[in-house]
Amino acid sequence: MAAPTTETAIWMAIKAKIAAMYLDSLPIAWPAQKFAAPTPGGVPAPYLRVGRVSVAPVRQFIDGGKPHRRSGSIVITVVYPLGADVAIFDQMAGRVAQYFKDGTQMFYGGFCVKITSAPTVQEGFEDNGYWQVPVVIDWECFA
């Protein structure tokens with residue numbers, strides 16, 4: 001198998017960190033993968049949904065072929081059935097944010113991806129019987 005591209009290595013570093021996160025064993029809806037919201041016993045259950053946003057690479061040096069600053073955001077949304085106090089949802093989102101504290105480093109195939117600032121817990125919103133609280137996690141990599 002060929003060496004991973006820069007984009008693949010960045011994603012694999014981030015994905016491994018997310019996969020290692022223990023958050024009450026919540027299932028994770030990964031980008032581009034089929035996922036059915038959990039309903040044990042016919043009752044909706046919480047889960048996490050992962051999304052990602054990348055920014056165009058920024059040249060750091062005058063010479064061509066040198067490393068670029070690559071950056072973006074991972075959005076991990078806590079998806080929870082309606083009915084609990086909003087503090088429950090915010091607590092769960094806060095735990096996600098704590099896991100990706102400023103300065104956290106993730107590695108894959110010789111690449112280092114770093115969390116550049118404290119994650120942002122966004123305001124929650126209702127959608128289809130669930131309360132959703134996005135957590136935005138900014139990252140960067142020089143490659």
Peer 1: Taking atom types as modelled, find out whether Asp138 and Thr116 have a side-chain donor-acceptor pair closer than 3.5 angstrom.
Peer 2: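 No donor-acceptor contact under 3.5 Å links the two side chains.
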Peer 1: Is it true that, when you exclude Glu7 itself, more than 12 heavy atoms of the residues, nucleotides or ligands shown sit nearer than 6.0 Å to its CD?
Peer 2: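 Count over threshold, so yes.
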Peer 1: Are there over 12 heavy-atom neighbours, none belonging to Phe142, within less than 6.0 Å of that residue's CZ?
Peer 2: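 More than 12 within 6.0 Å, yes.
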Peer 1: What are the two closest heavy atoms between Pro134 and Glu123, and how far apart are they?
Peer 2: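 Closest approach of Pro134 to Glu123: CD-O, 3.8 Å.
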Peer 1: Verify, without hydrogens or angle tests, whether Arg49 (side chain) and Ile28 (backbone) share a donor-acceptor contact under 3.5 angstrom.
Peer 2: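 No, the answer is negative, given that no donor and acceptor are paired below the 3.5 Å cut-off.
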Peer 1: Would you indicate whether the side-chain heavy atoms of Phe89 and Val121 approach each other to under 4.5 Å?
Peer 2: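 Counting from C-beta outward, Val121 and Phe89 never come under 4.5 Å.
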Peer 1: Please tell me if the side chains of Val50 and Pro31 come closer than 4.5 Å, counting only heavy atoms from C-beta onward.
Peer 2: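 Side chain of Val50 against side chain of Pro31, heavy atoms only: contact under 4.5 Å found.
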Peer 1: Closer than 3.5 angstrom, by distance alone: can the side chain of Tyr99 be matched with the main-chain N or O of Met21 as a donor-acceptor pair?
Peer 2: yes
Peer 1: Provide the closest heavy-atom pair for Phe111 versus Cys141 in the form atom of the first, atom of the second, distance.
Peer 2: CD2-SG, 4.2 Å
Peer 1: For the pair Glu140 and Arg69, find out whether any cationic side-chain nitrogen is under 4.0 Å from an anionic carboxylate oxygen.
Peer 2: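 Yes, charged N to carboxylate O under 4.0 Å.
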Peer 1: Hey, are the side chains of Val133 and Phe125 touching, using non-hydrogen atoms and a 4.5 Å cut-off?
Peer 2: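 No - every pair of side-chain heavy atoms lies 4.5 Å or more apart.
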Peer 1: Quick one: are the ring centres of Tyr47 and Phe35 less than 6.0 Å apart?
Peer 2: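 Distance test on ring centres: under 6.0 Å, yes.
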